[in-house]
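Here the structure is a predicted model, which is why all the values come from computation and not from measurement.
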Amino acid sequence: MAGIEELSPAAGPAETRAPEDEIEGDDEDEELDETLSERLWGLTEMFPDKLRSAAEVSMSCSVSVAKKMYSFTRSALWVGTTSFMILVLPVVFETERLQLEQQQLQQQRQILLGPNTGMSGGMAGMMPPVPGKM
């Protein structure tokens, strides 16, 4: 066991050397040119066959479900968008056109009959109702 004096900063720099495994491992690392996928494939050997097959089946099922959901979403979006364009937009355009016509008629009345007729809705030239007759 090392004493406290040996570990103090006043003792000076400590000698360090690489472990023997690392010195010998440098040559092996230079010889092995594995890709990441090859290393991951090599790691699969440490798992049992049942676990590997279950992982493969679950992965293929997940990919299949994702593809089907993507396809369904595209189809549903297409149907929804085209239905909206065919069924709703004509109604919106027609109501906008009717509102524009009403505004134009109201402006024409104001121009022809005076500014107060547009507010009251009555005709300026009309006589008031007779008090005794209804």
Asker: How is the hydrophobic cluster of Met69 composed, in terms of its other members, when Ile, Leu, Val, Met, Phe, Trp and Tyr link through side-chain heavy atoms under 4.5 Å apart, directly or indirectly?
Answerer: Val65

Asker: Among all residues two or more places apart in sequence or in another chain, which pass the side chain to side chain donor-acceptor pair (under 3.5 Å) test with Glu94?
Answerer: Arg97

Asker: Grab the two heavy atoms, one from Glu45 and one from Arg52, that are nearest each other, plus how far apart they are.
Answerer: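 Smallest heavy-atom distance, with atoms named: CA-NH1, 3.9 Å.
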
Asker: Does a side-chain heavy-atom distance below 4.5 Å link Lys67 with Val63?
Answerer: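 Touching, per the 4.5 Å side-chain cut-off.
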
Asker: What distance do Glu56 atom CD and Leu51 atom CG have between them, rounded to the nearest 0.5 Å?
Answerer: 12.0 Å

Asker: Going by the rule side chain to side chain donor-acceptor pair (under 3.5 Å), which residues pair with Thr73 if we only count those two or more places apart in sequence or in a different chain?
Answerer: none

Asker: Would you give the length of the straight line joining atom CD of Gln106 to atom CD of Gln108, rounded to the nearest 0.5 angstrom?
Answerer: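 Answer for the CD-CD pair, Gln106 versus Gln108, is 11.0 Å.
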
Asker: Is the CD atom of Glu38 crowded by more than 12 outside heavy atoms at less than 6.0 Å?
Answerer: yes

Asker: Look at the side-chain heavy atoms of Ile, Leu, Val, Met, Phe, Trp and Tyr, link any pair under 4.5 Å apart, and say whether Met85 and Val92 land in one connected group.
Answerer: yes

Asker: Taking Ala54's backbone N and O only, do any of them form a donor-acceptor pair with Ser58's side chain (distance below 3.5 Å, no angle check)?
Answerer: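 Yes: the side chain of Ser58 pairs with the backbone of Ala54.
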
Asker: Donor-acceptor check, side chain of Ser83 to backbone of Gly80, threshold 3.5 angstrom: yes or no?
Answerer: no

Asker: Say you draw a straight line from CD of Gln107 to CG of Leu112; how long is it, rounded to the nearest 0.5 Å?
Answerer: 11.5 Å

Asker: Check whether any side-chain heavy atom of Trp41 lies under 4.5 Å from a side-chain heavy atom of Thr44, and answer yes or no.
Answerer: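 Yes, at least one pair of side-chain atoms sits under 4.5 Å.
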
Asker: Judged by atom type as modelled, is there a donor-acceptor pair below 3.5 Å linking the side chain of Thr82 to the main-chain atoms of Val79?
Answerer: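 Here the side-chain-to-backbone pair exists.
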
Asker: Passes side-chain contact (heavy atoms from CB on, under 4.5 Å), Leu36 versus Leu40? Steps please.
Answerer: CA-CA 6 Å; Leu36 179 62; Leu40 290 175; 4.2 Å; yes

